[in-house]
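All remarks here apply to the structure that follows.
Below, all heavy atoms of this structure are taken into account, side chains as well, without hydrogens, waters or symmetry copies. We're numbering straight along the sequence, starting at 1.
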Amino acid sequence: MPIVTIQQGPRDVELKRDLVTRITDAFVDALKVPAESVQVWIQETPADSWAVGGTLTADRQKG
């Protein structure tokens, strides 16, 4: 059973629905597994809890 983990900032639930559908379809097409066997885990991290290049993402969005 494939397990896909996505780490990202918070997104709208509609975008996440579309994303998990597309990921599931890709595994079904590529690996010929049933859709019911594909698990997608979304881990959302707030912008004040991760950084890029030494700057919090929350601070980068302000500028």
Handout entry: Minimum side-chain heavy-atom gap Trp41-Ile3 below 4.5 Å
Key = yes

Problem - Ile6 side chain reached by Gln43 side chain, heavy atoms, under 4.5 Å - result: no

Practice task
Mind checking salt bridge (charged side-chain N to carboxylate O under 4.0 Å, His left out) for Glu36 and listing every partner two or more places apart, or none if nothing turns up?
Solution key: none

Exercise for the section: Return the set of residues passing salt bridge (charged side-chain N to carboxylate O under 4.0 Å, His left out) with Asp25 (not counting sequence neighbours), or none when no residue passes. Expected result: none

Practice task
Report yes if some heavy atom in the side chain of Val40 is under 4.5 Å from a heavy atom in the side chain of Val38; otherwise report no.
Solution key: yes

Exercise for the section: Provide the closest heavy-atom pair for Val33 versus Pro2 in the form atom of the first, atom of the second, distance. Expected result: CG2-CG, 4.2 Å

Handout entry: Distance (rounded to the nearest 0.5 Å) between Leu15 CG and Gln8 CD
Key = 8.5 Å

Practice task
Check whether any side-chain N or O of Thr57 sits under 3.5 Å from a backbone N or O of Trp50 as a donor-acceptor pair, and report yes or no.
Solution key: yes

Handout entry: Thr45 backbone acceptor or donor facing Ser49 side chain under 3.5 Å
Key = no

Handout entry: Joint hydrophobic cluster, Val28 plus Val4, side-chain heavy atoms closer than 4.5 Å
Key = no

Handout entry: Check: Arg60 side chain, Val52 main-chain N or O, donor-acceptor pair, under 3.5 Å
Key = yes

Problem - Stepwise salt bridge (Lys or Arg N to Asp or Glu O under 4.0 Å) test for Asp18 and Arg22 - result: CA-CA 6 Å; Asp18 183 51; Arg22 291 174 184 236; 2.9 Å; yes

Problem - Whether Thr24 side chain and Val20 backbone form a donor-acceptor pair below 3.5 Å - result: yes

Handout entry: Arg11 backbone acceptor or donor facing Glu44 side chain under 3.5 Å
Key = yes

